[in-house]
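The block underneath contains the structure these notes are about, expressed in C-alpha cells.
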Amino acid sequence: APPAPDAAIAAAPDAAIAAPKLGPPKLGPPKQSQGQSSSARAGALSAVLSEEAMLASAASRVGDLAAGLEVAQSCPPSWRRLLGESQPFADAVKIALAEAKNAQPGPIESFLASGGHLPVAVLAANRPDMLRQTLGSLLDGGRVRGARREDVLVFQDGADPQVADVVRNALGRAPTQHLTHTLRGAKQDGAALIAAHYKFSLENAFALRPAAPAVIVVEDDFLFSPDFLDLLYGAAPLLERDESTFVLSAWNDNGLRGKVWDKSALCRTGFFPGLGWLLPRKLWETELRDQWPREHWDHWMRSKDRHRGRESVFPEVNRDYHAGKKGTFMDDYHHNRYFKDIDYNTDGGLAYWRRPGQEESPRIAPPWLWGSAAVYEARLVAALTSPRTLHLANLRDLEEQAQGTSRQGMTVVLWHETDFGSRAEVPPFKAMADYFNIWHEWYRTAHAGCLHTFRWGGRTELLLVNIQDFLDDRRHESRYAKYRPNEAKLFTPRDFHGLRPPLSPALRRALRLTPAPRAGLSCDSVCAATAVDPGPWGDSSASAGPLKAVCEAKAFGEANTCAALEAHFECAGMCVESFGSEQPALVVEGAPPEALPGRCLVSTAVDRSTCAASHPLTRRLCPCVPRDELPP
C-alpha cells in the first residue's frame with residue numbers, strides 16, 4: 001500500500017489546491033456502443049477502474065487528494081503506474097515541484113508568459129514546391145496553433161525566382177536572400193554551403209527580432225503537427241530551469257510508426273536531433289556564434305565540446321515530419337529506411353502542451369517538469385527496479401510481446417553488452433538496430449551513452465540498456481548496470497545476426513507472398529496488379545469482390561528464405577545467398593551463366609530490399625497486402 005500522503009505539497013499554490021482545474025475522473029462504465037458485447041463492456045470498465053486505481057496510487061505519493069491527483073493527471077500516461085509504485089520517483093517529482101515554485105522564470109519563459117511569439121526561421125534554397133508545402137502546413141487554415149505569418153522568416157540560399165515567389169505569395173513579403181558565400185577554395189561542397197547558410201540565417205533571425213530570447217529553426221521540407229509550437233513553447237522553461245538541458249527539438253530519430261505511443265512524454269538524449277528545434281539567444285551568442293564551423297554544422301553541434309554533457313530534450317511522438325526525399329545528404333534508401341514511416345502527431349484536439357501563462361490557472365505540475373533531468377532519471381530507475389518489469393532471459397518473451405500474447409502496457413528491459421566504440425566497417429549495434437528497426441547509429445536518441453527507449457508490440461515500453469557506456473570516447477560500466485538482475489540474459493549483437501523482427505498478428509494475417517509473372521517487374525507493380533481475395537483477412541467478406549494489393553516492405557523477410565522461394569519457384573536445391581535491392585528473387589532461364597540461371601537468390605541484407613526495385617534477369621517474390629486491409 002502507498003504511504004500516507006504528505007500534509008501539503010510544497011510546490012502547490014493554496015488556490016490551486018483548493019480548486020484544482022482538473023477534478024477527479026468520474027467512476028462508472030464507459031458509454032456503450034450499439035451491439036457492444038458484455039465481455040467488451042467488462043473489459044472497458046476494468047480499464048477505467050484500473051486507471052482510477054493507478055491515478056489514486058500516484059496521487060497519494062505526491063500530495064493531498066486534490067493536488068496529488070492533478071500532479072498524477074499531468075504525468076505522461078505511460079509513467080503513471082511507476083509514479084504510483086515508486087516512492088523515490090514520487091520524491092523526485094516533489095523536489096522538482098518545490099524548486100519550480102521557488103525559481104524565478106528566465107527570459108524565454110517570461111517572454112512567452114507575457115504573450116510574446118518566437119520567430120520561426122525557415123531555411124530554404126531551390127525547392128519551391130517543397131517550400132510551398134512547408135509554409136502551407138505551418139500557416140494555412142490554422143493548422144498549427146499559434147502560428148502567425150509575421151513570425152515566419154524565410155532565409156533563401158541563392159536567388160531562385162520561384163522560391164522568392166512562393167514566399168511572397170505565402171507571407172506577403174520577400175525572403176531574406178543569402179547571395180554571397182565567403183568560403184575558401186574554388187570548390188564549395190554541400191556541407192560547407194549548408195553550414196554557411198545556417199550561420200547566415202541564425203545571425204539574421206536574431207538581428208531581425210532583437211527582442212526574441214530564442215528562435216525556432218526549421219527547413220523547407222517539413223510538415224508540422226497542430227501542437228508543434230505548443231510543445232516547444234510549453235517545454236521551453238526547461239532551457240532555463242534545468243542547466244543540464246542543451247536545446248529542445250520536435251524530432252525523435254526513432255519515432256517510427258509502432259515505436260511510439262505516449263504523446264505527452266518527453267525524452268532526453270546526448271545526441272542533438274535537429275529537424276525542428278528551439279535555439280536560445282544566450283546559447284547562440286555566448287557559445288555557438290563565434291565558433292560556428294565551416295562545414296557539417298550538425299556534427300559539430302553533437303560534439304562533446306559543444307554540448308558539454310548537456311542533453312537535448314525531445315518528444316516521444318514527433319511534432320514534425322521530414323517530407324523531403326532528395327537533398328544534399330538524403331536519398332531514397334535513407335528516406336525509406338529512417339524517415340518515411342515517422343509517426344508524428346496529427347491530433348488537432350490534443351491540448352496537453354500550453355505556452356507559459358496561457359492557462360487560466362497555472363498547473364501544479366507544468367508539463368515540462370517531466371522532462372527535467374532529475375525526474376526523468378528517477379523515472380528510468382523506477383522502471384528498471386519495478387517488480388512488474390520483465391527483464392528478458394530470451395527473445396521468445398520479447399516476440400510474445402510483439403504478437404500480443406503477453407500483457408500490454410508493461411516495461412521490458414533487454415540488457416546487452418555492445419562495443420559502441422568499435423571502428424568496424426559494420427558497427428556491432430547494427431544487428432540489433434536492424435532487428436528492432438531503429439537507427440543503426442547507436443548514439444541517436446541514446447540517453448547517458450547507453451540506453452534507448454521505444455515501444456514494442458503496442459504500448460509496451462522496451463528499454464535497451466548497455467552495461468557499458470561511451471560518454472567520453474572510452475568504455476565504462478554504465479550507471480544502470482547495477483540494476484541488472486542475475487536471471488536477466490546479457491545479450492550481444494551476435495544474438496541478433498540473421499534474425500528478422502516478428503511481424504504483428506494483423507500484418508501476418510494480411511500478407512500474401514506473390515511471385516512476379518515475369519522478369520523486370522517491381523514489387524510495387526506486381527502487388528498493384530494483383531487482385532486478392534479479401535476473405536482470409538479480417539472481417540471482409542469474399543463476396544465483396546477482390547481487392548488491389550500494395551507492397552509491404554517490412555515483410556520482405558518473410559519472402560527471404562529458401563523455403564519461401566522454393567514454394568513459389570522451381571528452384572529446389574538451387575538456393576544461394578546474394579545481394580541486391582530486388583531480392584529475394586529467381587534468376588530466369590536464359591540468363592547468362594554467370595548470373596546463375598534457375599537459382600533462387602536470398603538476400604544477405606534484406607533491409608535494403610525495396611518495393612520499387614527490379615532487375616531484367618530476375619522474377620521477384622513480393623510481400624503483398626490488400627490495400628484496404630493494410631495494418632497500421
Side-chain angles (χ1 to χ4, degrees), residues 256 331-341 395 399 424-440 493-504 507-508 511-528 530 549-589 591-625:
L256 299 165
D331 54 32
D332 285 338
Y333 168 73
H334 286 91
H335 175 79
N336 292 334
R337 175 68 173 82
Y338 298 115
F339 295 91
K340 183 182 72 172
D341 291 330
L395 283 178
E399 294 187 359
E425 182 177 354
V426 178
F429 187 65
K430 186 176 186 303
M432 296 179 64
D434 287 347
Y435 182 84
F436 292 112
N437 192 33
I438 61 176
W439 266 92
H440 67 281
R494 188 171 299 176
D495 293 311
F496 295 88
H497 285 166
L499 294 185
R500 301 188 306 273
L503 299 180
S504 69
L507 181 54
R508 192 178 296 277
L511 183 64
R512 174 66 62 85
L513 297 183
T514 305
R518 64 180 185 275
L521 296 177
S522 71
C523 282
D524 280 334
S525 60
V526 170
C527 293
T530 300
V550 294
C551 173
E552 179 49 78
K554 68 174 65 173
F556 269 114
E558 299 299 304
N560 194 49
T561 67
C562 290
L565 287 163
E566 290 171 359
H568 293 86
F569 300 120
E570 295 182 0
C571 59
M574 295 186 292
C575 183
V576 297
E577 289 187 342
S578 183
F579 171 77
S581 58
E582 90 291 350
Q583 297 171 17
L586 167 73
V587 182
V588 296
E589 298 292 345
E594 61 272 18
L596 305 178
R599 299 289 181 94
C600 282
L601 306 180
V602 175
S603 176
T604 56
V606 72
D607 62 306
R608 289 183 174 261
S609 298
T610 69
C611 292
S614 64
H615 194 283
L617 298 180
T618 63
R619 293 172 57 195
R620 303 193 66 182
L621 183 58
C622 301
C624 300
V625 177

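Hydrogens, waters and symmetry mates are skipped; everything else that's a heavy atom, side chains included, is used. Keep in mind the model is a prediction, meaning the values are calculated, not measured.
Taking the side chain as every heavy atom from C-beta outward, Phe429 and Ile438 approach each other to under 4.5 Å. At least one side-chain heavy atom of Glu552 sits under 4.5 Å from a side-chain heavy atom of Leu507. Within the 4.5 Å cutoff, no side-chain heavy atoms of Gln583 are placed close to those of His615. Between Arg512 and Thr530, every side-chain heavy-atom pair lies at or beyond the 4.5 Å cut-off. Counting heavy atoms from C-beta outward, Ser614 and Glu582 have side chains that stay 4.5 Å or more apart. Side chains of Val526 and Cys551 form no contact here, defined as non-hydrogen atoms less than 4.5 Å apart. Looking at heavy atoms from C-beta onward, Val588 lies in side-chain contact with Arg619 at the 4.5 angstrom threshold.
Minimum interatomic distance between His440 and Ala433 (heavy atoms only, all atoms of both residues): CA-CB, 3.5 Å. Of all heavy-atom pairs spanning Ser609 and Gly580, the tightest one is OG-O, 4.2 Å. Taking each heavy atom of Ala555 and Leu511 in turn, the nearest pair found is CB-CD1, 3.8 Å. Nearest heavy atoms, Pro597 versus Ala591: CG-O, 3.6 Å.
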Considering only distance and modelled atom types, tabulate donor-acceptor pairs under 3.5 Å from the side chains of residues 563-574, sequence neighbours left out.
from   : atom 1 : to     : atom 2 : distance (Å)
Glu566 : OE2    : Gly573 : N      : 3.4
His568 : ND1    : Ala564 : O      : 3.0
His568 : NE2    : Leu513 : O      : 3.4

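Judged by distance alone, with hydrogens and angles left aside, the side-chain atoms of Ser603 form a donor-acceptor pair with the main-chain N or O of Ala605 at under 3.5 Å. At least one donor-acceptor pair closer than 3.5 Å links the side chain of Arg620 to the backbone N or O of Ala613. Judged by distance alone, the side chain of Thr604 and the main-chain N or O of Ser578 form a donor-acceptor pair under 3.5 Å.
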Discussion item. side-chain contact (heavy atoms from CB on, under 4.5 Å), that's the test. Do Asn437 and Lys554 meet it? Break it down for me.
Written reply: CA-CA 9 Å; Asn437 192 33; Lys554 68 174 65 173; 6.0 Å; no

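The structure places CH2 of Trp439 at 12.5 Å from CG of Asp434, a figure rounded to the nearest 0.5 Å.
Below 30°, between 30° and 60°, or above 60°: for Phe496 and Phe436 the angle between ring planes is between 30° and 60°, a tilted geometry.
Applying the ring pair (Phe, Tyr, Trp, His ring centres under 6.0 Å) rule to Phe556 yields no partners; only residues at least two apart in sequence or on another chain are considered.
Cys562 pairs with Cys575 as a disulfide, the SG atoms being under 2.5 Å apart. The SG atoms of Cys527 and Cys624 lie less than 2.5 Å from each other.
Atom CD of Glu425 sits in a sparse spot, with 12 or fewer heavy atoms from other residues, nucleotides or ligands closer than 6.0 Å.
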